[in-house]
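Inspection log for the structure reproduced underneath, given as structure tokens.
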Amino acid sequence: MSPSLPSGLLGDLDPTSDRAVFRQIADQLREAIDRGRFREGEKLPSEAELVDHYGVSRMTVRNSFSVLQGEGLVHAEHGKGVFVRPRPPVRRLASDRFARRHREQGKSAFIVEADAVGSHPQVDSLEVKEEKASQDVSARLGSVRRVLARRRRYLLDGRPVEFATSYLPLDIARGTQIAEPNPGPGGIYARLEELGHRLDHFEEEIRARMPSPAEVKTLHLAAGVPVIHLIRTAFDTEGRPVEVCDTVMAADAYVLSYQLPAT
């Protein structure tokens with residue numbers, strides 16, 4: 001016989017409601033998570049405990065868990081149970097992440113963000129090659145035909161959180177350290193400025209969407225977790241676009257933080 005749940009942890013079902021029983025259970029579990037009764041990383045009651053508490057079948061409980069997994073609130077570990085998913089650990093502060101002082105200290109934006117949360121940053125799946133520019137990239141870079149593409153995956157404490165591809169005009173990047181696997185301290189933005197392209201501003205386009213199968217595999221995404229798709233264009237002080245960065249981020253790993261002027 002399964003042990004009963006603590007009094008008041010979860011409520012009772014409403015037999016008069018038109019809402020499906022499994023959704024009522026999901027509603028109560030969601031509310032308990034939102035109220036902090038189940039904290040990040042904490043295990044939810046087992047199937048047996050919920051079956052006993054609500055007087056329903058195991059399939060009904062599993063359907064309730066599926067609802068919460070689809071919302072990205074929980075994840076299942078085989079043989080262990082269902083756990084509350086941790087909140088996003090990394091805060092991307094748009095007004096600070098590309099500050100010149102970080103480059104002068106030899107730090108890329110990702111390293112700065114990792115340091116802020118006390119995580120260990122890694123980069124893998126690195127590929128650097130010359131290729132034909134897509135129509136979109138070409139238009140963003142001023143109608144260039146070929147680009148240097150730098151593809152890499154970012155990890156925090158061993159967990160993949162982001163996959164990015166930078167596209168740079170060949171007349172800028174070919175034959176420079178930017179074309180090397182390791183572009184050196186401060187990353188490619190530091191190298192661009194050393195080459196005379198002092199950065200002036202960045203433009204970003206952001207949208208949220210569900211991931212492709214390839215993105216699920218690359219970022220090890222759990223069911224129901226969306227991605228943040230960000231395209232950034234870097235401009236130098238002459239107004240020339242010098243890089244386009246196409247980034248796909250695990251939405252459960254980041255908070256995007258912006259400071260906007262009131263004028």
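Just so it is clear, the model here is predicted, and its values are computed rather than measured.
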For this session: Show your working on side-chain contact (heavy atoms from CB on, under 4.5 Å) between Val248 and Leu219 and close with a plain yes or no.
Result: CA-CA 9 Å; Val248 176; Leu219 294 175; 4.1 Å; yes
Problem set entry | Side-chain touch Val225/Arg85, heavy atoms, less than 4.5 angstrom | yes
Seminar exercise, completed: d(Thr237 OG1, Arg198 CZ) to nearest 0.5 Å is 7.5 Å
For this session: Report yes if the side chains of Glu203 and Arg140 come closer than 4.5 Å at any heavy-atom pair, otherwise no.
Result: no
Exercise. Between OG of Ser17 and CG of Asp27, what distance do you get to the nearest 0.5 Å?
Worked result: 8.5 Å
Problem set entry | Heavy-atom closest pair, residues Leu126 and Pro181 | CD2-O, 3.1 Å
Problem set entry | Check: Ser138 side chain, Ser134 main-chain N or O, donor-acceptor pair, under 3.5 Å | no
For this session: Scan side-chain atoms only and decide if Tyr54 and Gln24 contain a donor-acceptor pair under the 3.5 Å cut-off.
Result: no
For this session: Report yes or no: does Glu162 contribute a side-chain atom to a donor-acceptor pair with the main-chain N or O of Met249 at less than 3.5 Å?
Result: no
For this session: Using atom types as modelled and distance alone, determine if a side-chain donor or acceptor of Lys43 lies under 3.5 Å from a backbone N or O of Lys80.
Result: yes
Problem set entry | Separation of Leu168 CG from Glu130 CD (nearest 0.5 Å) | 11.5 Å
Exercise. Leu44 and Leu9: same hydrophobic cluster, using ILVMFWY side-chain contacts below 4.5 Å?
Worked result: yes
For this session: Is it possible for you to say whether Val123 and Val161 belong to one hydrophobic cluster, with membership spreading through side-chain heavy-atom contacts below 4.5 Å?
Result: yes
Problem set entry | Leu199 side chain near Glu193 side chain, heavy-atom distance below 4.5 Å | yes
Exercise. Between Asp246 and Arg232, is the closest basic N to carboxylate O distance under 4.0 Å?
Worked result: no
Exercise. For the hydrophobic clusters of this structure (ILVMFWY residues joined by side-chain heavy atoms under 4.5 Å, transitively), does one cluster hold both Leu5 and Phe38?
Worked result: yes
Exercise. Any side-chain donor paired with an acceptor under 3.5 Å for Asp14 and Thr16?
Worked result: yes
Exercise. Under a 4.5 Å cut-off applied to non-hydrogen side-chain atoms, are Val51 and His53 in contact?
Worked result: no
Problem set entry | Donor on one side chain, acceptor on other, Arg152 and Tyr154, under 3.5 Å | yes
Exercise. Glu31 versus Asp34: any side-chain heavy-atom pair under 4.5 Å?
Worked result: no
Problem set entry | Main-chain N/O of Ala214 paired to Thr218 side chain as donor or acceptor, under 3.5 Å | yes
Exercise. Under a single-linkage definition using a 4.5 Å side-chain heavy-atom cutoff for Ile, Leu, Val, Met, Phe, Trp and Tyr, are Val61 and Val84 assigned to the same hydrophobic cluster?
Worked result: yes
Problem set entry | Hphob cluster co-occupancy, Phe22 + Val56, side-chain heavy atoms under 4.5 angstrom | no
For this session: Determine the minimum heavy-atom distance between Ala133 and Val137, stating which atoms define it.
Result: CB-CG1, 4.4 Å
For this session: Output yes when Asp52 and Arg58 qualify as a salt bridge under the 4.0 Å nitrogen-oxygen rule, no when they do not.
Result: no
Problem set entry | Electrostatic pair Glu47-Arg62, nearest N-O below 4.0 angstrom | yes
Exercise. Within a strict 4.5 Å, meaning less than it, do heavy atoms of the Tyr189 and Glu243 side chains meet?
Worked result: yes
For this session: Report yes if the side chains of Ile188 and Arg150 come closer than 4.5 Å at any heavy-atom pair, otherwise no.
Result: yes
For this session: Could you walk me through whether Leu50 and Leu10 pass side-chain contact (heavy atoms from CB on, under 4.5 Å), step by step?
Result: CA-CA 10 Å; Leu50 292 174; Leu10 296 171; 3.6 Å; yes
For this session: Please answer whether the main-chain N or O of Asp12 pairs with a side-chain N or O of Gln28 as donor and acceptor at a distance below 3.5 Å.
Result: yes
Problem set entry | Atom pair NE2 (His229) and OG1 (Thr247), whose distance is rounded to the nearest 0.5 Å | 7.5 Å
Exercise. Quick one: do the Glu77 and His75 side chains pair a donor with an acceptor below 3.5 Å?
Worked result: yes
For this session: Walk me through it: do Val67 and Arg30 pass the test side-chain contact (heavy atoms from CB on, under 4.5 Å)?
Result: CA-CA 10 Å; Val67 170; Arg30 185 189 306 106; 4.0 Å; yes
Exercise. Any ion pair linking Asp124 and Arg153 (charged N to carboxylate O, less than 4.0 Å)?
Worked result: yes
For this session: With Phe65 as reference, evaluate Ile25, Leu29, Val74, Leu73 under the side chain to side chain contact (heavy atoms under 4.5 Å, CB included) test and give the passing residue.
Result: Leu29
Problem set entry | Minimum heavy-atom distance Pro169-Val144, with the two atoms named | CB-CG1, 4.4 Å
Exercise. Out of curiosity, Leu148 CG to Ile172 CD1, how far, rounded to the nearest 0.5 Å?
Worked result: 11.0 Å
Exercise. With a 4.5 Å heavy-atom cut-off, do Lys132 and Val147 have their side chains touching?
Worked result: no
Exercise. Taking it one step at a time, do Arg151 and Glu131 satisfy salt bridge (Lys or Arg N to Asp or Glu O under 4.0 Å)?
Worked result: CA-CA 12 Å; Arg151 295 181 174 86; Glu131 63 186 39; 2.9 Å; yes
Problem set entry | Arg159 bridged to Asp252 by N-O distance under 4.0 Å | yes
For this session: For the pair Arg191 (side chain) and Pro185 (backbone), establish whether a donor and an acceptor sit closer than 3.5 Å, ignoring hydrogens and angles.
Result: yes
Exercise. Between atom CG of Leu170 and atom CD1 of Ile178, what is the distance when rounded to the nearest 0.5 Å?
Worked result: 11.0 Å
